[in-house]
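A short worksheet on the structure shown next.
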Amino acid sequence: MIRIFIPLDAGAVAVGADEVAAAFAQVAEARQLEIEIVRTGSRGLYWLEPMVELAAPEGRVAFGPVTEADVASVLDAMIHTSDHALRLGVADEIPWLKRQTRLTFVRCGVVDPRSVESYRAHDGYKGLERALTLGSAGILADVSASGLRGRGGAGFPTGIKWKTVADTQADRKFIVCNADEGDSGTFADRMIMEGDPFVVIEGMTIAGIAVGATRGYIYIRSEYPHAIIAMEQAIKAAKRTGFLGNSICGSAHAFDIEVRVGAGAYVCGEETSLLESLEGRRGIVRAKPPLPAHKGLFGKPTVINNVLSFAAIPFILNDGAKAYAEFGMGRSRGTMPIQLAGNIKFGGLFEVAFGITLGELIDDVGGGTFTGRPVRAVQVGGPLGAYFPRELFDTPFDYEAFAKRDGLIGHGGIVVFDDSVDMSKQARFAMEFCAIESCGKCTPCRIGSTRGVETIDKIRRGERVAENKVVLEDLCHTLKFGSLCALGGFTSYPVMSALKHFPEDFGAVPTRLQAAE
Ligand SMILES: Cc1cc2nc3c(=O)[nH]c(=O)nc-3n(C[C@H](O)[C@H](O)[C@H](O)COP(=O)(O)O)c2cc1C
Ligand code: SF4
């Protein structure tokens, strides 16, 4: 029996993984070969997708990127262990994968995401088993000791958030998983939901036990149909096997999860706006206080965390807080699943301990630009993140180091641009994004972003450039300090960083082009 693993990850499916799987089945049938095709998540080496793996005595042997036309010859090479141009060797030994520290993504691309048994065979649910023996106080102590900070953007300590909810008295409490993943260049939430959904369920269940909540919701953006299906199937399987329901693993703890689908607003990723949306209203930001930890969903104490924050929990509970905290630098402990995107040669998911520099990530891991032209700018942390020039590539991936340089890590997305980029256009895009996505609750963001677009347009047309740059800076200051939430507040980062690091692009004829003429 030949066992083949083919991703069903949306990124792999987009480049033909379903057709490749069908072709394997067809060729095998025509040759009367017995094969088993297991659909997995992606390993995150997207330039090699569809990457197909064969179960072999030395480990899983990978081939990629495989097209339908390659299937017959790849199957031959698999059967006869003969050479093939697409043979990549043992998957775990591929240098790009081997140099990572996969704690959260250790099973992604390996297990069958539809099978609880497959998850359990790879250490799944061991964290929950330990959590049940520890009880609330023990879990909270472990999560705090791990140093885990929220992976959704703000980097708030998860242990403190959970303890606040645990300490708040109420008849009902909720766990909410934020899977809105709206940041540009990010896909880690989607990948883990499609490739290892049980780790998210396990993390949420442990959170429920820790704070005394019996119900959880996963809020997934509607643009993620594959992830929605994967999570719904996994929830059903967990219920069937007693890992969700009235008695978790036969214990006195009850916990259940429901998937809710968003309707496509970036601001619905902001936690209070998300809660409004979950309650059936338009996604408008709520003023804080009260914090969601005190008064969240339906007015009850609520833990709201990013997908990756929950997905880090099973490792922390199973391997210990110390094992997690050993990785990282400064106050940024553990690993970060970094997403390399945009104009980059080797784009994909790279999980690594905090501390790696931006330059190592772009030049070394990412291999520079896809176009082969020099890298000019990178935006880290989504549409509200700063643009960094090459001079800042020595910045280590660490919350504080980025903040010191007026940047942010956000959800770990990096978007790369080559030297053909016009940074005044990027600044305009940031303002326009804010204007389009603004929930409208506060004036600096609702009105200021539109005035910002107009001002950048004037600068780009060469109208009173020096004065309009002052107006733009003033506007960014107002946005930064006068906005109710980070959508308006952080729009100043991409705009001001573009202005500061690439001043030559602002004006009717960018000075760097003048110099080239
Ligand atoms: C405009 C805006 C959009 C956001 N989008 C997301 C998102 O898509 N996913 C996410 O997890 N957090 C997002 N956040 C951060 C959340 O408000 C919140 O901090 C996070 O869900 C808390 O979880 P964590 O502590 O695990 O990071 C966004 C914040 C803002 C201001
Ligand atoms: S900053 Fe923008 S998105 Fe945030 S509350 Fe104000 S108007 Fe709404």
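Numbering of ligands and ligand atoms starts at 1, following listing order.
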**Prompt:** Relative to atom 4 (Fe) of ligand 2, how many protein N, O or S atoms have a separation of less than 2.8 Å?
**Reply:** 1
**Asked** D189 to ligand 1: N or O pair under 3.5 Å?
**Response** no
**Prompt:** With atoms numbered from 1 as shown, which atoms in ligand 1 lie under 4.0 angstrom from a non-hydrogen atom of I304?
**Reply:** 22 (C), 23 (O)
**Asked** What protein heavy atom is closest to atom 19 (O) of ligand 1, reported as residue, atom name and distance in Å?
**Response** E271 OE1, 4.0 Å
**Prompt:** What atoms of ligand 1 come within less than 4.0 Å of a heavy atom belonging to L487?
**Reply:** 1 (C), 31 (C)
**Fill in**
Among E270, R221, R149, E181, the residue with a heavy atom nearest to atom 30 (C) of ligand 1 is E270
**Nearest option to atom 12 (N) of ligand 1, as decided by whichever heavy atom of V267, N178, L275, T158 sits closest** = N178
**Prompt:** Taking the minimum heavy-atom distance to atom 15 (C) of ligand 1, which of G269, A154, P157 ranks first?
**Reply:** G269
**Prompt:** G152 to ligand 1: N or O pair under 3.5 Å?
**Reply:** yes
**Prompt:** For R376, which of D422, N343, D505 qualifies under side-chain hydrogen bond (donor to acceptor under 3.5 Å, both in side chains)?
**Reply:** D505
**Message:** Looking at R451 and E454, is any side-chain nitrogen of the basic one under 4.0 Å from a carboxylate oxygen of the acidic one?
**Reply:** yes
**Message:** Side chain or backbone, does Y266 bring an N or O within less than 3.5 Å of an N or O on ligand 1?
**Reply:** no
**Asked** Is the gap between the ring centers of Y387 and F502 under 6.0 Å?
**Response** no
**Request:** Please assess D9 against Y46 for the test side-chain hydrogen bond (donor to acceptor under 3.5 Å, both in side chains), listing each intermediate value before the final yes or no.
**Result:** CA-CA 10 Å; D9 173 277; Y46 276 112; 3.0 Å; yes
**Fill in**
Quick note on ligand 1: atoms under 4.0 Å from a heavy atom of G182 include exactly 8 (O)
**Request:** Would you please classify the geometry between the Y493 ring and the F490 ring as parallel, tilted or perpendicular, with 30° and 60° separating the classes?
**Result:** perpendicular
**Asked** Polar-atom distance check: D180 versus ligand 1, any N or O pair below 3.5 Å?
**Response** no
**Asked** Is the shortest side-chain N to carboxylate O distance from D256 to K239 below 4.0 Å?
**Response** yes
**Message:** Salt bridge or not between E326 and K322? Use side-chain N to carboxylate O under 4.0 Å.
**Reply:** yes
**Message:** Between Y266 and D183, do the side chains contain a donor N or O and an acceptor N or O under 3.5 Å apart?
**Reply:** yes
**Request:** Answer yes when E129 and R120 have at least one side-chain N-carboxylate O distance shorter than 4.0 Å, and no when they do not.
**Result:** yes
**Option among D196, D112, D123, T40 that satisfies the side-chain hydrogen bond (donor to acceptor under 3.5 Å, both in side chains) test with R107** = D196
**Request:** Report the part of R151 in contact with ligand 1, treating N, CA, C, O as backbone and CB onward as side chain, heavy atoms under 4.0 Å; options are side chain, backbone, both, neither.
**Result:** backbone
**Prompt:** Is any side-chain N of the basic residue among E276 and R281 closer than 4.0 Å to the acidic one's carboxylate O?
**Reply:** yes
